[in-house]
J.: 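Let me give you the structure first, and then I'll get to my questions.
In what follows, every chain begins at residue 1, and chains take the letters A, B, ... in the order their sequences are listed.
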Number of protein chains: 2
Amino acid sequence: MEASRPDTATRILDVSERLFVEHGFEATSLRMITQQAEVNLAAVNYHFGSKDALFESVFMRRLAPLIASCLAELDELETREEKLSVEGLVTTFIRPCLALSKDPARGGALFVRLLSRTLVENHRLLRETISQQYSVFVQRYSRAFHLALPELGVEELAWRMHFAFSVMFNAFAGNDVLKIFTRSQIVSARDPDMIVKYLVPFVVAGLVSPVQR
Amino acid sequence: MEASRPDTATRILDVSERLFVEHGFEATSLRMITQQAEVNLAAVNYHFGSKDALFESVFMRRLAPLIASCLAELDELETREEKLSVEGLVTTFIRPCLALSKDPARGGALFVRLLSRTLVENHRLLRETISQQYSVFVQRYSRAFHLALPELGVEELAWRMHFAFSVMFNAFAGNDVLKIFTRSQIVSARDPDMIVKYLVPFVVAGLVSPVQR
DNA sequence: ATCAAATTAAAACGTAAGTTTGAAACGCTT
DNA sequence: AAGCGTTTCAAACTTACGTTTTAATTTGAT
């Protein structure tokens, strides 16, 4: 009847994921984590070694599969479309994010928010460990977008990718970031499918807009 | 010859602004601040009352003038253009940000980064104090965009504004957020004018794209 | 059932945080 | 020069942090 209680390490990961999103890395103490996870304080250092290492574990548990999903979608698209479409490309990124957002078992929308948050916080862990490891991801998308938008120079393409990914991350992050600006409850009622309905056209329009002289 | 040393409170504000951007609010200690500002540790609490209050001071020193500039540009645009153009509207926001970014005397690009960072960190101070205070800003832009894009429903308009502002903030924030994705040194070499050259068309294209059914 | 390894538990450690205190130094008016 | 409010300073206070330690307990293979 009742779901069996996950093991200590998993409980710590789950609670940490939520708290890191809510309060940020620095503002989340191990005591908050272990208390809410109902485990002993020392368990974090026993299972993960340090708070830093815990963060990395929280992060990698979700990021690795997410990136793998994106690359799989990308593979599939490249066999399906002769000439890569921008919308198709955008979708290879958005669909895995959306799937993750809708799957509570994998942290639901939490991790995407954590990812977004971590990106702007410019964490050392993200700069060092992770960014190297996933240069594959970068290269694949850079090449794909170059093929889909051959008329753009490298500089303009880099900017547009920068803009596009920052919109997408923020959209899924669904930080109430811009409720300040848009006030309406509409935006805060974040149905993931709604996001995509409006997000894809917006991003695609920006990406395919005429070349700047 | 040499610039006269600013008073204690100003020195604290200047250093705090930089450190809050670099390391975030929680990870910046008063001891780091007072050391770099070459003032006594107690000076922060004497002049500002608390670390929280210091943050609010740092924030409001720049935000109030920035918002005032945007609204002034908006006023000017409304007298100049019969039918508001989307590009004009976007520019009323971007131009003050750009001006701020290029003015070291007003914190240069630092504050815009702090603003962006604070938005995704979802600070209590931003949620409480500031968001109420600047509902004027929200309402003005909401109304203006509604006039410029009358064919959009309130829901779709809210989303597009959400997307648009999140791109713009991230662009100026110039966190190396997406260097991870775009890798090229181009994006990190952040000439503010370059940002605008590519940013405005991107955002406008997204905003004016065809209505979704 | 036994024993070694893995895990949990309680307590303490050392450090660094934000804040407070009370005296010294300063700036200004008289 | 004296007096007074403002500002600076060194030092201490309290609290909370991440981590370590040591012992108790559980687990799993023999």
J.: Give the first and the last nucleotide of DNA chain D, reading 5' to 3', that has any atom under 4.0 Å from a heavy atom of chain B.
T.: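 Nucleotide range with atoms under 4.0 Å of chain B: dT6(D) to dA12(D).
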J.: Tell me what Thr34(A) touches on the nucleic acid: a base, only sugar-phosphate, or nothing, going by heavy atoms under 4.0 Å.
T.: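 Touches nothing.
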J.: What closest approach, in Å, do Val21(A) and Leu110(A) show between heavy atoms, and which atom pair accounts for it?
T.: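 So the minimum-distance heavy-atom pair works out to CG2-O, 3.4 Å.
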J.: Just by distance, do the side chain of Thr10(B) and the backbone of Pro6(B) share a donor-acceptor pair under 3.5 Å?
T.: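 No, the answer is negative, given that no donor and acceptor are paired below the 3.5 Å cut-off.
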J.: With heavy atoms of chain A within less than 4.0 Å as the criterion, where does contact along DNA chain C begin and end?
T.: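 First and last nucleotides in contact are dA6(C) to dA12(C).
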J.: Any salt bridge (Lys or Arg N to Asp or Glu O under 4.0 Å) pairs touching residues 60-69 of chain B, not counting sequence neighbours?
T.: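 Qualifying pairs, neighbours excluded: Asp14(B)-Arg61(B), Glu17(B)-Arg61(B), Glu17(B)-Arg62(B).
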J.: Tell me the bend of the helix from dA1(C)-dT30(D) to dT30(C)-dA1(D) as the angle between end helix axes, each from five pairs, rounded to the nearest 10 degrees.
T.: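 Here the local axes at opposite ends form an angle of 10°.
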J.: I want to confirm an ordering. Mapping Arg31(A) and Val39(A) to their closest nucleotides on DNA chain C, which one lands closer to the 5' end?
T.: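 Result of the comparison: Val39(A).
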J.: Residues in salt bridge (Lys or Arg N to Asp or Glu O under 4.0 Å) with Arg11(A), at least two apart?
T.: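 Counting only residues at least two positions away or on another chain, Arg11(A) forms a salt bridge (Lys or Arg N to Asp or Glu O under 4.0 Å) with Glu38(A).
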J.: Under 4.0 Å, counting only non-hydrogen atoms across every strand here, what does Ala42(B) touch: a base, just sugar-phosphate, or nothing?
T.: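 The answer is base, as Ala42(B) lies within the cut-off (heavy atoms under 4.0 Å) of a base atom.
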J.: Heavy atoms within less than 4.0 Å of DNA chain C: which residues of residues 8-26 of chain A have one? Give them sorted by number.
T.: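 When residues 8-26 of chain A is checked for heavy atoms under 4.0 Å from DNA chain C, the hits, listed by number, are Thr8(A).
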J.: Quick one: list whatever passes side-chain hydrogen bond (donor to acceptor under 3.5 Å, both in side chains) with Asn40(B), sequence neighbours left out.
T.: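 Residues passing side-chain hydrogen bond (donor to acceptor under 3.5 Å, both in side chains) with Asn40(B): none at all.
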J.: Please give me every residue in residues 47-55 of chain A whose heavy atoms get under 4.0 Å of an atom in DNA chain D, ordered by residue number.
T.: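 Within this stretch, Ser50(A), Lys51(A) sit under 4.0 Å of the strand.
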J.: Taking only residues at least two apart or on different chains, which pairs with a member in residues 25-58 of chain B satisfy ring pair (Phe, Tyr, Trp, His ring centres under 6.0 Å)?
T.: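 Residue pairs passing ring pair (Phe, Tyr, Trp, His ring centres under 6.0 Å), neighbours aside: Phe20(B)-Phe25(B), Phe20(B)-Phe55(B), Phe25(B)-Phe55(B), Phe25(B)-His123(B), Phe55(B)-Phe59(B), Phe55(B)-His123(B).
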J.: Might you work through the side-chain contact (heavy atoms from CB on, under 4.5 Å) test for Arg143(B) and Leu147(B), ending with a clear yes or no?
T.: CA-CA 6 Å; Arg143(B) 200 171 61 86; Leu147(B) 291 174; 4.1 Å; yes
J.: Report the C-alpha separation of Tyr141(A) and Phe137(A) in whole Å, then their side-chain angles, then the decisive distance to 0.1 Å, and conclude whether the ring-ring contact (aromatic ring centres under 6.0 Å, His included) test is met.
T.: CA-CA 6 Å; Tyr141(A) 270 99; Phe137(A) 182 82; 4.9 Å; yes
J.: Suppose we screen for side-chain hydrogen bond (donor to acceptor under 3.5 Å, both in side chains). Which residues come up paired with Asn45(B), at least two apart in sequence or across chains?
T.: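 Result, side-chain hydrogen bond (donor to acceptor under 3.5 Å, both in side chains) vs Asn45(B): none returned.
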J.: So, for Gly88(A) and Leu77(A), which heavy atoms are closest and what is the spacing to 0.1 Å?
T.: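 Looking at all heavy atoms of both residues, the shortest contact is C-CD2, 3.7 Å.
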J.: What pairs with Glu26(B) under salt bridge (Lys or Arg N to Asp or Glu O under 4.0 Å), at least two apart in sequence or on another chain?
T.: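 None.
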J.: Take Thr8(B) and Ile12(B), measure what side-chain contact (heavy atoms from CB on, under 4.5 Å) needs, and give me the verdict at the end.
T.: CA-CA 6 Å; Thr8(B) 302; Ile12(B) 292 174; 3.9 Å; yes
J.: What closest approach, in Å, do Ser16(A) and Val58(A) show between heavy atoms, and which atom pair accounts for it?
T.: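 Taking every non-hydrogen atom into account, CB-CG2, 3.7 Å.
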J.: Does Glu87(A) have any side-chain hydrogen bond (donor to acceptor under 3.5 Å, both in side chains) partners at least two apart in sequence or in another chain, and if so, which?
T.: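 Glu87(A): no side-chain hydrogen bond (donor to acceptor under 3.5 Å, both in side chains) contacts found.
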J.: What heavy-atom pair brings Val90(A) and Met168(A) nearest, and what distance separates the two atoms?
T.: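 Shortest heavy-atom separation between Val90(A) and Met168(A) comes out as CG1-SD, 4.0 Å.
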